[in-house]
There are 2 protein chains.
Amino acid sequence: MKKMPKILVVDDEQDILELIRHALNKEGFEVHVAANGLQAIEQAKKIKPELILMDVMMPVMDGMEACRQLKENDETSGIAIVFLTARSEEFAELAGFEAGADDYIAKPIRPRVLLSRLKAILRRRNAIQSAPHETMSFSNLKIDRERFVVEYNGKTLQFPRKEFELLSFLASRPGRVFSRDEILENVWGNEVLVVDRTIDVHVRKIREKLDEKFIHTVKGVGYKFELD
Amino acid sequence: MKKMPKILVVDDEQDILELIRHALNKEGFEVHVAANGLQAIEQAKKIKPELILMDVMMPVMDGMEACRQLKENDETSGIAIVFLTARSEEFAELAGFEAGADDYIAKPIRPRVLLSRLKAILRRRNAIQSAPHETMSFSNLKIDRERFVVEYNGKTLQFPRKEFELLSFLASRPGRVFSRDEILENVWGNEVLVVDRTIDVHVRKIREKLDEKFIHTVKGVGYKFELD
DNA sequence: TATTAAATTAATATTGCATTCATAGCGCAG
DNA sequence: CTGCGCTATGAATGCAATATTAATTTAATA
């Protein structure tokens with residue numbers, strides 16, 4: 001079994017704490033809890049979680065202050081911090097990002113959203129830590145994720161965002177076929193509703209720019225990236 | 001026509017039931033209904049829907065309890081469950097989350113929102129549980145489910161979907177004879193009405209591509225995959 | 001806010017496959 | 001040898017999946 005990430009959940013409401021704990025546990029996370037900012041900092045130093053999910057409003061020390069202190073300390077500055085806020089506007093006012101937060105989730109909590117956001121953040125973290133693959137190179141094609149450009153036959157091409165992301169997603173695993181559902185999940189993300197013909201249109205645009213090469217249709221299944 | 005997902009809608013209020021049923025029907029879903037938790041469980045076992053859309057508050061057995069029982073049963077644990085809640089009450093949502101719900105939708109119901117949420121959840125399901133991608137290797141034949149190609153004598157061959165699925169089904173248990181009924185069950189799925197001569201035609205096509213090797217006829221019984 | 005680009009949907013054309021059909025072949029029982 | 005039950009084969013058909021183009025909505029930028 002793969003080692004599952006540790007998550008520290010911080011909230012002063014016992015009920016919510018318990019429920020979140022239980023839910024995350026069921027997904028396989030190693031969950032720890034704390035009831036306020038002070039406890040959170042203490043716990044964080046001890047167990048070194050990958051991520052802290054923290055309510056903003058708490059007694060003793062609120063989430064914002066706890067976040068600042070965690071980000072200042074070398075031991076804990078690498079931990080991703082996600083806030084729970086009553087409403088999304090509130091977050092902007094409270095300037096959570098300035099305090100160093102990585103993301104926030106607005107209450108009321110939507111189960112799917114919570115899980116997928118946490119997973120997305122963890123994934124991104126891992127990707128950043130362990131992927132020197134920022135740019136992908138093939139014979140006459142280079143996908144430079146850092147500069148956000150594609151070099152094809154020596155020429156540098158600017159791709160619109162979706163096209164670029166679609167291409168680099170497919171190219172991330174050459175040969176492997178992805179269904180439209182998989183593509184929507186990975187390139188578009190969770191809450192988006194787009195008709196799947198949309199993908200076809202983007203594929204078409206990419207093909208135009210890359211002379212019909214690289215992206216192949218597997219009828220009834222999906223698309224794949226492959227060198228000829 | 002592509003096989004549309006089955007959705008079971010559970011609510012004790014007849015009006016709402018009808019409203020939802022109508023909206024989902026129009027989108028092409030196959031809609032079934034139940035009036036309470038008990039009926040829901042019963043129905044779920046019978047028709048195996050992809051998703052259950054269920055009110056929390058119901059007589060006889062409420063949604064929360066029904067959800068727990070559905071998630072405990074192996075037959076039904078894979079079904080996505082979405083709650084209808086009267087108001088976005090945080091606690092109820094989290095409780096539902098714990099009970100194993102996939103999402104919830106707050107009343108009053110807006111058909112558009114309902115549809116897009118349901119579609120998103122179904123898409124996610126498809127994306128995640130997409131068929132096992134293991135590849136099967138034999139002496140001079142490789143069936144690569146990930147790339148959706150067959151390698152035969154070093155040459156890479158593109159197979160149409162049905163041919164590919166038929167071949168990989170037979171090859172999943174080399175030597176074992178499958179009756180046409182078994183093949184239809186597994187490759188076509190029990191919903192589809194297809195004359196069984198269809199299988200013969202696909203077998204023929206596969207044989208052409210693989211030089212009459214691998215697939216053998218057992219007269220009066222069926223077909224089997226076997227190395228010579 | 002006007003202007004332009006990009007993303008998405010909608011509308012239509014095209015193609016590749018799955019399926020059926022019609023017919024021929026094979027092996028076996030009588 | 002003949003008739004029956006099965007499978008093989010090739011060709012014809014209908015339709016579902018994709019390609020393509022145009023139109024519309026959304027987002028970005030000046």
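The sequence lines fix the lettering, A, B, ..., with proteins before strands; numbering per chain opens at 1. Computed from a predicted structure; not experimentally measured.
- Residue A/Leu157 contributes atom CG, which lies 17 Å from atom P of C/dA5 at whole-angstrom precision.
- Between C/dT19, C/dT9, C/dA7, one nucleotide has an atom nearer to the side chain of B/Lys205 than all others, and that is C/dT19.
- For B/Glu18, the salt bridge (Lys or Arg N to Asp or Glu O under 4.0 Å) test picks out B/Arg21, with sequence neighbours left out.
- By the side-chain hydrogen bond (donor to acceptor under 3.5 Å, both in side chains) test, B/Asp181 is found to be paired with no residue, residues two or more places apart in sequence or in another chain being considered.
- The distance from atom NE2 of A/His216 to atom P of D/dA17 is 22 Å, rounded to the nearest whole Å.
- Listed by residue number, the members of residues 160-173 of chain B with any heavy atom below 4.0 angstrom from DNA chain C are B/Pro160, B/Arg161, B/Lys162.
- No salt bridge links B/Glu226 with B/Arg176; every basic N to acidic carboxylate O contact stays at or beyond 4.0 Å.
- Partners of A/Lys209 according to the side-chain hydrogen bond (donor to acceptor under 3.5 Å, both in side chains) rule, which considers only residues two or more places apart in sequence or in another chain, are A/Glu163.
- Rounded to a whole Å, the NE2 atom of B/His202 is 8 Å from the C1' atom of C/dT19.
- C/dA6 atom P lies 15 Å from atom CH2 of A/Trp188, rounded to whole Å.
- Distances shown here put a side-chain N or O of A/Thr198 below 4.0 Å from the OP1 or OP2 atom of C/dT9.
- Using a 4.0 Å cut-off between charged nitrogen and carboxylate oxygen, A/Asp200 and A/Arg207 do not count as a salt-bridge pair.
- When atom types are taken as modelled, the side chain of B/Thr198 and the backbone of B/Val194 share no donor-acceptor pair closer than 3.5 angstrom.
- Taking a cutoff of 4.0 Å between a charged side-chain nitrogen and a carboxylate oxygen, A/Arg68 and A/Glu65 qualify as a salt bridge.
- Distance A/Phe148 CZ to C/dA6 P: 11 Å, rounded to the nearest Å.
- Atom P of nucleotide C/dA7 and atom CD of A/Glu208 are separated by 14 Å, given to the nearest angstrom.
- Pairs passing the salt bridge (charged side-chain N to carboxylate O under 4.0 Å, His left out) check and including a residue from residues 146-157 of chain A, sequence neighbours excluded, read A/Asp144-A/Arg147.
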> What is the per-nucleotide protein-contact pattern of nucleotides 3-9 of chain D, from the 5' end, where B denotes a base atom under 4.0 Å from a protein heavy atom, S denotes such proximity for sugar-phosphate atoms only, and - denotes neither?
Replying inline: --BSBSS
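- For the pair A/Asp196 CG and D/dT18 C1', the computed distance is 11 Å after rounding to whole Å.
- Within 6.0 Å of atom CZ in B/Arg197, more than 12 heavy atoms from other residues, nucleotides or ligands are found, so the atom counts as buried in its surroundings.
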